[in-house]
Chemist: 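Right, I'll just put the structure down here and ask away after.
To find a chain, count down the sequence lines: A is the first, B the second, and so on, and within it residues start at 1.
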Amino acid sequence: MSSLRADLRAAVEAARDSAEAEGEFRRQDGAAWPPISLERPGRPEHGDYATNAAMQLAPVVRDSPMRIAETLKRHLGLPPGIGEVSIAPPGFLNMRLDATWVAGQVGAILEAGPTFGGVRADHPRKINVEFVSANPTGPLTVGNARGAFVGDLLCRVLEGVGHEVTREYYFNDFNAQVLNLGLSVQARREGRPVPEDGYHGDYVAELAAAVPDEIWAEATAEGADVGSILGRWASEGVRAGIEESLARLGVNFDVWTSEGSIHEQGWVTRAIDQLRAAGHIYEADGATWFRSTAFGDDKDRVVIRSNGQPTYFASDLGYIAQKFSRGFEELIYLWGEDHHGTVARNRAAAQALGFDADAVQWMLMAWVRFVRNGVEIGMSKRSGEFISLDELLAEIGPDAARWYFGSRATTTGIDLDIELAKKQSAENPVYYVQYAHARCSSILRRAADDKLAPDTGEAAQLLVHPAEQALVRRLLAMPDVVADAAERRETHELTHYCLEVAQLFNAFYRDCRVLPDEAAEIPLSQARLTLTAAARQVLANALGLLGISAPDSM
RNA sequence: GCGCCGGUAGCUCAGUGGAUAGAGCGUCGGCCUCCGGAGCCGAAGGUCGCAGGUUCGAAUCCUGUCCGGCGCGCCA
């Protein structure tokens, strides 16, 4: 499926080149052409698409925007679908779709079916997206919810434009936190108070009660490392619980990678050896350092502590190499913004290890502050004071939760009043969109009862009503919305698009009677049924990308 | 102190340097002879934190400043 906007951009570029070839545009020496941008004007009288190319070109060809616009218009070979091009001061080129062409596209949407809205990426890539990656020392909190939803949504959108995506969860299975978890379980089991820096949540008591006899015997044997043994057992149980929670959200990871496995498979030592051979490693103060400042970091980083233990960052080194070895062309890390301080050293590592740093992207998600009745709720697994993801879901449901987190830019901090969220979940716009979808389904059901079916043929030409036209035009924009989301790695525009389509459908429903009152209305009715089916398809596809259900009745 | 991210309607948030700054929720006022009223129509509500600058044009870019979040470990 091609994108109309991409075709228009190409047409404007061609007009520019044609004008230059005929000597009407004379570029300043060595000046590059500015990129052509196409936008959707805010006002209907400005058409369906507009470009500011003439203004952008003005300093390059040294002419007035209005004259440049005239020249561009003269050279413009329009793709099918554009009915009219006009010029507006100070030099906008406004393009309007041809109504007949628009009406005819409804059939094309239906024929594309579930694939409508996807655009084939210019270069499909094998992409690894790592997200959530919360350490398995306690259940997922609502704080982890954003990462889970946003990460999964990003994956769906990348898949939607043809990339091959692997969802990956990275977890820690042998550090001090896991040890503390083990000691906390032990304390609970023995009826002693949990250590000060241990884990105090109720789930620890549940774990303690569930320790199998053979594990307990092994852990408490003479000379055994109680904390490690219990910690490993407990963290695997917690990890499995996390996997179940995520599955309930519809977030399913393809690969679970433990930090321990990266070490066991030798990735860390090999990476450090490679860096040493390249001269990026030195010893100081008894520790082993990576000269990350040579690659733009603000200080060098320890990889092996003076006590011989590798740092967490050492694992990062090995993990990057491990990921690339698996054939990924692009790595995306979706991290909480509290990790932004570690981005520079990781980028340095990727470069120093010989990888294309541009092939690795670190996305930082702003924090979610949780508030109950105006008081902030801490999200500390250690103190046991947190709201679990499962609790949130039980209150507001996965569709509303996905919509809530999916409709915000990742850089925007969110203040979520948990009580307000519960109250407002009933008013969540997601239901408005789902309702529109159900309404489409209902109309199509009734039509089928009357032996009426959509007609993608000539009848579609009857769709000339403003409400019909506005709806089709918006439906046709879905490939552009999806392509933008994939390219910018920001997916929240999808929810706005869903709302717009639902609103336009409701306006169409209000103004245009779909089912016929008498036989003479049947051709128009069939055309409107086709539009209804197309709207339903687009809503289903967009909701599908969001991971939200599209009910036929509610 | 230094760095990163924010500050837009009562609230929660959109807004790739463009044309008269938007949506949802909330508030107020209307609409059920009619395909789903979880709907529709209308209204009120804004010094885009503040001050300079760049530009034909700034919520958007630059500088400064105030406020908030986060980060600056041989923690993860």
Chemist: Whole Å only: how far is the CZ atom of A:Arg439 from the P atom of B:G37?
Modeler: 5 Å
Chemist: What is the nucleic acid contact for A:His492, judged by heavy atoms within less than 4.0 Å: base, sugar-phosphate only, or nothing?
Modeler: sugar-phosphate
Chemist: Distance check needed: B:G71 P versus A:Arg345 CZ, whole Å only.
Modeler: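 Interatomic distance, CZ of A:Arg345 to P of B:G71: 13 Å.
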Chemist: What's the CZ-P distance between A:Arg488 and B:A14, to the nearest Å?
Modeler: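 Atom-to-atom, A:Arg488 to B:A14, this comes out as 11 Å.
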Chemist: Do A:Lys323 and A:Tyr333 meet the cation-pi criteria used here (NZ or CZ under 6.0 Å from the six-membered ring centre, within 45° of the axis)?
Modeler: yes
Chemist: So, does the side chain of A:Asn52 form a donor-acceptor pair with the base of B:G18 at under 3.5 Å?
Modeler: yes
Chemist: Just call it for A:His340: base, sugar-phosphate, or nothing, with non-hydrogen atoms closer than 4.0 Å on any strand.
Modeler: base
Chemist: Using a cut-off of 4.0 Å on non-hydrogen atoms, how would the nucleic acid contact of A:Leu38 be classed: base, sugar-phosphate, or nothing?
Modeler: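 It contacts base atoms.
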Chemist: What is the distance from CD of A:Glu490 to P of B:C13, rounded to the nearest Å?
Modeler: 14 Å
Chemist: Given atom CG of A:Asp316 and atom C1' of B:C75, what is their separation to the nearest angstrom?
Modeler: 13 Å
Chemist: Nearest-Å distance, CD (A:Glu493) to C1' (B:G24)?
Modeler: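 Distance check: A:Glu493 CD to B:G24 C1' gives 14 Å.
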Chemist: Anything under 30° is parallel, anything over 60° is perpendicular, the rest tilted; go ahead and classify A:Phe405 against A:Phe149.
Modeler: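 Taking A:Phe149 first and then A:Phe405, their aromatic rings lie parallel (interplane angle under 30°).
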Chemist: Looking at A:Phe290, is A:Arg345 sitting on its ring face, NZ or CZ under 6.0 Å from the six-membered ring centre and within 45 degrees of the normal?
Modeler: no
